[in-house]
Amino acid sequence: MFDPVIAPSGTLLGLLQRGRGDGTLHALTAPRSETIEALNHCVLHDPRHDWQVENRSLYYARLYLDLHGELDAIEAHLFDAEDVLDTDESRTGLGLAVLGHLASYGRRDALTLLRRYAAQGANWAWALDELALRDDDAGLRALATPVLARFATDPEGEAELATTVRDAFEPRPWRLWADDPRESVATRVRAAQEAGCFDRWQRQMRPTGPRPGWSVQAVFAWAQQGIERGAALHVPAARCLTAVAGPEDRPEIVRAAEGGTEGARCTALRYLADGNDPDALTLIERAVATGPAPVVEAAVDAFERMRSLAAVDRARRWACRPDALGAAAGRVLACRGGVQDRDLVLAALREAVRGEGPDAPTLWTLVDGAGRLGIACAAPALRHIYRETASSHLRGRAARALAATDPSYGSGFAVECLWDCEESTREIAARHAETGDTRVVERLRRLAADPAEEAEVQTAVRSRIGPGETVV
């Protein structure tokens, strides 16, 4: 999947793509045709950089409900000829998830579309998972025949069916079908369930990787084999060293950290850092200066994991370095520094925004640090990140940091955050939004009554609503 093209944050499309609360507020006042067009664009062209962790489906489903939006565009997208050619989950997953939420709100047209796609579409397993949570037993039983028809009855087909049943995210349909009164359905599904359980047992009996009795060199060799195969194994290899290595092996591990193979060097650095070895920080600094890119990355990661006072002191010395170790030092201080480190964390935050923009991965930790340390001077940078980032998770972190640093948050961004796509952001807003705005009072009451809302959000809302539904 290619990175999505995100419209400017000041446009309706850009707001909706980001999942911002202001997107909903603007959409409800904009011309309906313009809003529906932008909404359909978001659902059909998933705007998330990481579609597996960022939320948008409930956000878009609520907009379809508020706008009484038709589902013609989603239907055309799901059943387009491209569905056969492009079977990647990311093409249809967001649309199916939106339909799932709409079905839970009682939209029969959404339920009908999900049933039809589960029977005919390429990403049928996702649709089936949505139906498993929302459809009745009769609706699911009706899908047994078309779903099972996807699998041939030869040994290869039965093996594929067993794997599908074993790995099903929602097991309810398969359990229903295992008890289906039609013998042809029940027998086949029960056989697939048994085969899947047997396969899982076989895999547990054939573990791969390190064995008891391995030597330090054997662990290093295993880590290097991973490098050669394109798989980074130094993290599990370092855990293996914890079980394998004794005090007498330390000189060998230090030598590997100084100049071993890539796999050995990454493993040794991780092991020494996790054990707070007295030479770990010096070896990390040397690895960053002399090592190839994988070693530098492993050294930086190892340093960030260190929680000793010595690591924090070294971070204060390294924070001004213009390299990966300097950036890591800023993140270490953001996580574990004290109030005396506010200026260094603020400088790292501003530099990251200037140099890498509002979506820089390093900002996640720095934004959290600005909130943890209560850096009031960081509020302008945090507001910029909040407005411009395409990541709804990073925006949520910025909102949490603003709640701790910006006195205007309760009457400003907290209001729109009540409509945000991320439940954690809505929860923060529910605790801080000032109720002088009538929209806040009405929104809190609606969230409290919405069965699709997350429990954490409703708990936060109820903390603001006293006896007799009085918002406090």
Side-chain angles (χ1 to χ4, degrees), residues 1-118 120-124 126-127 129-131 134 390-392 395 416 419-422 450 452:
M1 179 180 178
F2 296 103
D3 284 339
V5 176
I6 304 298
S9 61
T11 65
L12 175 60
L13 177 58
L15 290 170
L16 292 180
Q17 286 177 317
R18 288 168 172 80
R20 276 183 57 181
D22 251 8
T24 296
L25 297 175
H26 280 66
L28 296 177
T29 59
R32 184 177 182 276
S33 58
E34 177 186 345
T35 300
I36 291 293
E37 181 181 359
L39 179 57
N40 285 335
H41 184 280
C42 292
V43 175
L44 306 188
H45 305 89
D46 195 334
R48 295 169 293 181
H49 283 281
D50 191 343
W51 63 274
Q52 293 179 310
V53 298
E54 291 188 47
N55 296 315
R56 292 291 189 281
S57 54
L58 180 59
Y59 174 85
Y60 294 142
R62 284 171 167 168
L63 260 179
Y64 275 110
L65 285 177
D66 291 339
L67 297 168
H68 304 287
E70 303 83 4
L71 304 180
D72 297 350
I74 297 180
E75 180 180 10
H77 179 73
L78 292 178
F79 295 99
D80 189 89
E82 188 179 358
D83 191 57
V84 178
L85 304 175
D86 183 2
T87 58
D88 194 300
E89 289 181 333
S90 61
R91 195 190 82 84
T92 54
L94 180 57
L96 294 171
V98 168
L99 291 178
H101 284 298
L102 289 173
S104 69
Y105 280 118
R107 287 280 298 256
R108 295 293 300 179
D109 52 347
L111 185 64
T112 300
L113 270 181
L114 280 174
R115 289 172 174 171
R116 182 180 160 205
Y117 189 81
Q120 302 175 19
N123 192 12
W124 62 272
W126 191 313
D129 285 340
E130 297 291 340
L131 290 167
R134 284 131 181 148
S391 167
S392 55
R395 182 176 65 251
E416 73 155 282
W419 284 264
D420 197 88
C421 67
E422 295 291 343
D450 191 337

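Side chains included, hydrogens not; waters and symmetry mates left out as well; all remaining heavy atoms used.
When all heavy atoms are compared, the tightest approach of Gly23 to Leu15 is CA-CB, 3.6 Å. Across all non-hydrogen atoms, the minimal contact from Thr35 to Ala27 is OG1-O, 3.0 Å. When all heavy atoms of Asn55 and Cys421 are compared, the pair lying nearest together is O-SG, 3.1 Å. The minimum heavy-atom distance linking Trp124 with Tyr117 is given by the pair N-CE2, 4.0 Å. Between Arg56 and Ala390, the shortest heavy-atom contact is NH2-O, 3.5 Å. Nearest heavy atom pair, residue Tyr59 against residue Leu16, reads OH-CD2, 3.6 Å.
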Checking side-chain contact (heavy atoms from CB on, under 4.5 Å) for the pair Asp450/Tyr105: CA distance, chi angles, key distance, verdict? CA-CA 9 Å; Asp450 191 337; Tyr105 280 118; 2.8 Å; yes
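A distance of 11.0 Å separates CG in Leu12 from CG in Leu25, rounded to the nearest 0.5 Å. With values rounded to the nearest 0.5 angstrom, Arg32 atom CZ is found 10.0 Å from Leu39 atom CG. Residue Leu111 holds its CG atom at 10.0 Å from CZ of Arg134, rounded to the nearest 0.5 Å. His101 NE2 to Leu65 CG: the interatomic distance, rounded to the nearest 0.5 Å, is 11.0 Å. Note that CD of Glu130 and CG of Leu99 are 8.0 Å apart. Values are rounded to the nearest 0.5 Å. With rounding to the nearest 0.5 Å, the separation of CD in Glu34 from CG in Leu13 is 9.5 Å.
The closest side-chain heavy-atom distance from Leu113 to Leu102 is not below 4.5 Å. The shortest distance between side-chain heavy atoms of Arg116 and Leu78 does not fall below 4.5 Å. Side-chain contact between Ile74 and Leu44 is present, with heavy atoms from C-beta onward closer than 4.5 Å. Between Glu89 and Trp51 there is a side-chain heavy-atom pair separated by less than 4.5 Å. Put simply, the side chain of Pro47 does not reach to within 4.5 Å of the side chain of Arg18, judged on heavy atoms. At least one side-chain heavy atom of Leu67 sits less than 4.5 Å from a side-chain heavy atom of Leu28. When side chains are defined from C-beta on, Thr24 counts as touching Leu63, because their heavy atoms get closer than 4.5 Å. Side-chain contact between Arg91 and Asp83 is present, with heavy atoms from C-beta onward closer than 4.5 Å.
For the pair Arg107 and Tyr64, the cation-pi test (distance below 6.0 Å, angle within 45°) is failed.
Heavy-atom neighbours of Glu37 CD from other residues, nucleotides or ligands within 6.0 Å: at or below the threshold of 12.
Put simply, the side chain of Gln17 gets close to the backbone of Ala7: a donor and an acceptor are under 3.5 Å apart.
A salt bridge does not link Glu422 to Arg395: none of the charged side-chain nitrogens sits closer than 4.0 Å to a carboxylate oxygen.
Taking the six-membered ring where tryptophan is involved, the planes of His77 and His45 are tilted, since the angle between them lies from 30° to 60°.
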